[in-house]
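Single-structure report; data block below.
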Amino acid sequence: MQDHAHGHPYGHGTGATPWEAWAALAFVVLLAGGYLLLARRARRRNAARGWTRWRTASFLSGCVLLGAALLPPVATFAHDDFRGHMTQHLLLGMYAPLGLVLGAPVTLALRTLPAPRARSLTRLLHAWPVRALAHPLPALLLSVGSLAVLYFTPLYGVTSGHPSLHWVLHAHFLFSGCLFAHAVAGPDPAPSRPAVPVRLLAVGVAVAAHATISQLMYGGFFIEVHAPVDQVRGGAEIMYYGGDIAELLLAGALVATWRPSRRSGVGAAHPVLVQSPDRALHAVAGDDHDRGPAAPPLGAGAFTRGWPLSRRGRRARGCGAPAPVRGARRA
């Protein structure tokens with residue numbers, strides 16, 4: 001393990017500059033304010049359904065954790081001590097993303113955006129690059145695999161010595177953490193999300209990877225962090241225990257948000273419906289499981305041919321079943 005005397009980057013400053021702190025605060029406030037604005041719009045559009053308070057509380061909790069990671073005293077501690085860096089990493093990459101993802105921001109956007117923009121967002125969600133990134137395996141590699149590259153190569157020292165690269169590292173932690181949380185337990189639509197056992201397996205691999213990296217860091221094997229031994233070991237302990245708690249919370253969120261698929265009974269017949277565009281957007285958003293068939297929009301005759309019709313309507317269109325043949329009277 002390399003020690004403080006070998007030119008480690010800590011002690012290079014007193015923490016984030018004032019403009020960095022103000023920029024981080026503005027980002028967090030805009031993020032929380034935009035979410036609250038969309039939630040209010042969702043309640044106004046449909047007062048009966050509204051928007052659940054616990055999702056709002058979850059997203060705001062993620063914003064609070066994000067602000068705690070980017071602002072003093074944690075930001076100052078992270079600049080001066082490797083243990084502070086590891087605390088900041090856990091907040092940015094594991095705890096804040098879980099709160100943000102459980103707030104279901106994509107579903108909220110689909111409910112509140114105008115129909116053309118909502119359709120564009122739906123097409124984006126179905127694009128193959130997004131589907132690939134939303135799978136647990138790429139999300140796991142970006143979230144956990146990048147830690148080995150960061151701490152077992154000189155990359156960490158390079159990013160610590162350049163403020164711009166340091167902020168790029170923050171963005172990577174946040175993005176990869178949100179991606180992994182979404183792939184495992186996100187309530188937002190995910191067309192390529194695998195079954196629950198596969199996602200639980202991804203969480204198990206993440207637990208094992210965090211444990212392995214933290215133990216190698218504690219023992220000083222392959223580590224490329226120029227910091228005092230006590231700081232590196234302290235950071236390894238924070239990663240080991242803090243990472244386990246975060247991953248247990250993620251597994252709990254997966255179990256809490258999991259809903260078994262409803263299967264029809266044998267011989268049960270259900271009409272096949274052709275969804276209207278607005279109806280399809282609700283289905284993609286994952287919030288249409290508790291609603292019956294809605295009436296088609298007025299003037300949208302092109303989208304109504306699959307909707308249930310009355311008996312008179314079926315006869316007028318020639319698609320009704322033939323009249324039953326009356327049998328002989330009973331004696």
Side-chain angles (χ1 to χ4, degrees), residues 1-13 15 65 68-70 73-98 136-163 165-181 184 202-251:
M1 181 183 297
Q2 298 180 358
D3 197 72
H4 179 85
H6 294 86
H8 82 98
Y10 285 105
H12 59 82
L65 293 172
L70 297 177
V74 175
T76 305
F77 185 34
H79 276 258
D80 298 332
D81 196 305
F82 183 73
R83 292 165 292 192
H85 159 81
M86 194 58 67
T87 302
Q88 189 181 53
H89 157 64
L90 288 178
L91 290 174
L92 283 173
M94 303 187 76
Y95 287 96
L98 182 58
L137 180 58
L140 179 67
L141 292 176
L142 286 173
S143 178
V144 181
S146 60
L147 297 180
V149 178
L150 179 64
Y151 298 124
F152 297 152
T153 68
L155 180 61
Y156 177 76
V158 174
T159 58
S160 299
H162 297 79
L165 294 179
H166 198 62
W167 282 100
V168 170
L169 183 63
H170 288 345
H172 169 76
F173 282 155
L174 182 61
F175 172 76
S176 61
C178 288
L179 198 62
F180 186 62
V184 171
V203 175
V205 173
V207 171
H210 270 109
T212 302
I213 294 174
S214 60
Q215 288 173 358
L216 290 174
M217 184 181 296
Y218 189 89
F221 300 104
F222 312 112
I223 192 70
E224 289 288 341
V225 176
H226 298 261
V229 175
D230 60 333
Q231 291 187 19
V232 175
R233 287 183 172 177
E237 291 177 345
I238 292 172
M239 175 189 282
Y240 186 86
Y241 295 108
D244 281 352
I245 294 173
E247 279 145 356
L248 286 175
L249 291 174
L250 181 61

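All figures in this text were calculated on a predicted structure; none of them were measured in a lab.
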* To do: Quick one: pull up CZ in F221 and CD in Q215 and give me the separation to the nearest 0.5 Å.
  => 11.0 Å
* Asked: Given side chains that start at C-beta, do those of I213 and F222 come closer than 4.5 Å, heavy atoms only?
  -> no
* Asked: What closest approach, in Å, do A68 and V74 show between heavy atoms, and which atom pair accounts for it?
  -> O-CB, 3.1 Å
* Compare every heavy atom of F82 with every heavy atom of A227, then report the nearest pair and how far apart it is. => CB-CB, 4.3 Å
* To do: Working to the nearest 0.5 Å, report the span between NE2 of H89 and CD1 of I238.
  => 11.0 Å
* Distance (rounded to the nearest 0.5 Å) between T212 OG1 and L147 CG -> 11.5 Å
* **Rounded distance [0.5 Å steps], CG in L169 versus CG in L174** => 11.5 Å
* Between Q88 (side chain) and A69 (backbone), is there a donor-acceptor pair under 3.5 Å? -> yes
* Whether H172 side chain and L142 backbone form a donor-acceptor pair below 3.5 Å -> yes
* ring-ring contact (aromatic ring centres under 6.0 Å, His included), paired with Y156, selected from H226, H85, H166 -> H85
* **Minimum heavy-atom distance between H210 and M239, given as atom pair plus value** => O-SD, 3.9 Å
* Hey, what do you get for CZ (R233) to CD1 (I223), rounding to the nearest 0.5 Å? -> 12.0 Å
* To do: Please tell me if the side chains of F175 and L92 come closer than 4.5 Å, counting only heavy atoms from C-beta onward.
  => no
* Set of residues satisfying ring-ring contact (aromatic ring centres under 6.0 Å, His included) with respect to Y95, sequence neighbours excluded -> none
* Of all residues at least two apart in sequence or in a different chain, which pass the side-chain contact (heavy atoms from CB on, under 4.5 Å) check with V158? -> H162, L165
* Asked: Looking only at heavy atoms, which two atoms of P97 and C178 are closest? And how far apart?
  -> CB-N, 3.4 Å
* To do: Looking only at non-hydrogen atoms, find the nearest pair between F180 and A139 and report the distance.
  => CA-CB, 3.7 Å
* To do: Report the distance from atom CD of E237 to atom CE of M86, rounding to the nearest 0.5 Å.
  => 11.5 Å
* To do: Only counting residues at least two apart or in another chain, list the ones meeting side-chain hydrogen bond (donor to acceptor under 3.5 Å, both in side chains) with T153.
  => none
* Tell me, do V149 and L155 make a side-chain contact under 4.5 Å, heavy atoms counted? -> yes
* Within 6.0 Å of CZ in F152, more than 12 heavy atoms from elsewhere -> yes
